[in-house]
Amino acid sequence: QKEVEQNSGPLSVPEGAIASLNCTYSDRGSQSFFWYRQYSGKSPELIMSIYSNGDKEDGRFTAQLNKASQYVSLLIRDSQPSDSATYLCAVFDNNDMRFGAGTRLTVKP
Amino acid sequence: GAVVSQHPSRVICKSGTSVKIECRSLDFQATTMFWYRQFPKQSLMLMATSNEGSKATYEQGVEKDKFLINHASLTLSTLTVTSAHPEDSSFYICSADDLAGGTETQYFGPGTRLLVL
C-alpha cells in the first residue's frame, strides 16, 4: 500500500513566523509532488508543485523535496492568519494521485 | 489556470432519491477526472477515477451500482448517487488533470455538498 503521511497537527504559529509542514511518502518511484490548501468547507486549491530535488520558491511559499529521504515539505514565511487552513500533501506516480490526511495550520494574530 | 466547475454546489434531497452531480473542465480537456468524498474534518477519499469513453475505476469499498459515473466527453463527468441515504451526506469533490499542460496536476472543482434527509 502506497502511503503519504502527514502530521495531522494542529500546528499553531504566531503571525509573522515560519510555518513548516512535512510529508513523507512510501513509493520511492514517485515523481511529482504537490501541496494543496483547503479552507474549511471548501475544496482544495493548488499551492505548489515540485518535481526535482531541492527547493522551489513562490512568493512566501517554499517547497522542498528530498527524494532520497522520501520527504517533501512546505515552508510558509511571514505566516498570516489567512494562511490558517488544512494543507494536503499529494504524491503522483503511475497515473495515481495519493493524498495525505492533511495538516491543520492555525496562524494566531 | 485550469478551471473546473461543479453543479450543483449544494443539494438537499429525500432519502431514496437519486442525485446527479456534474463536473466540467472549462478551459481544458480532461481525459481523466476523479471523484472524491470528504466527511467533516476528514481527508479526501478517492471514490473513483473516470476516464473519457470508458468505464470508471472504483476504489475498494465504493459501490459502483450506487455511485454511477459517466465521462461522456473530454470536459464533462457526472456522478449520480442512486437511492441516496442519510449516510451518503457528504462533500463531493471532483478534480481533473490537464495532461496537455504537461503535468499531472489535478485541479479541483468547488465541491458539492449533499444532504440527504
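The model shown is predicted, which means the values in this text are computed figures rather than measured ones. Reminder, nothing fancy here: chain letters follow the sequence lines and each chain counts from 1.
- By the 6.0 Å and 45° rule, A:Arg37 does not stack over the aromatic ring of A:Tyr87.
- For the set A:Pro44, A:Ala101, A:Ala90, the entry with the most heavy-atom pairs within less than 4.5 Å of chain B is A:Pro44.
- Within the 4.5 angstrom heavy-atom criterion, only side-chain atoms of A:Gln38, from C-beta onward, approach chain B.
- Heavy atoms of B:Gln38 lying under 4.5 Å from chain A belong exclusively to its side chain.
- Neither side chain, A:Ser26 nor A:Glu3, offers a donor N or O lying under 3.5 Å from an acceptor on the other.
- Taking a cutoff of 4.0 Å between a charged side-chain nitrogen and a carboxylate oxygen, B:Arg37 and B:Glu59 do not qualify as a salt bridge.
- One finds no salt bridge joining B:Lys20 and B:Glu22 here, because no Lys/Arg side-chain nitrogen approaches an Asp/Glu carboxylate oxygen to under 4.0 Å.
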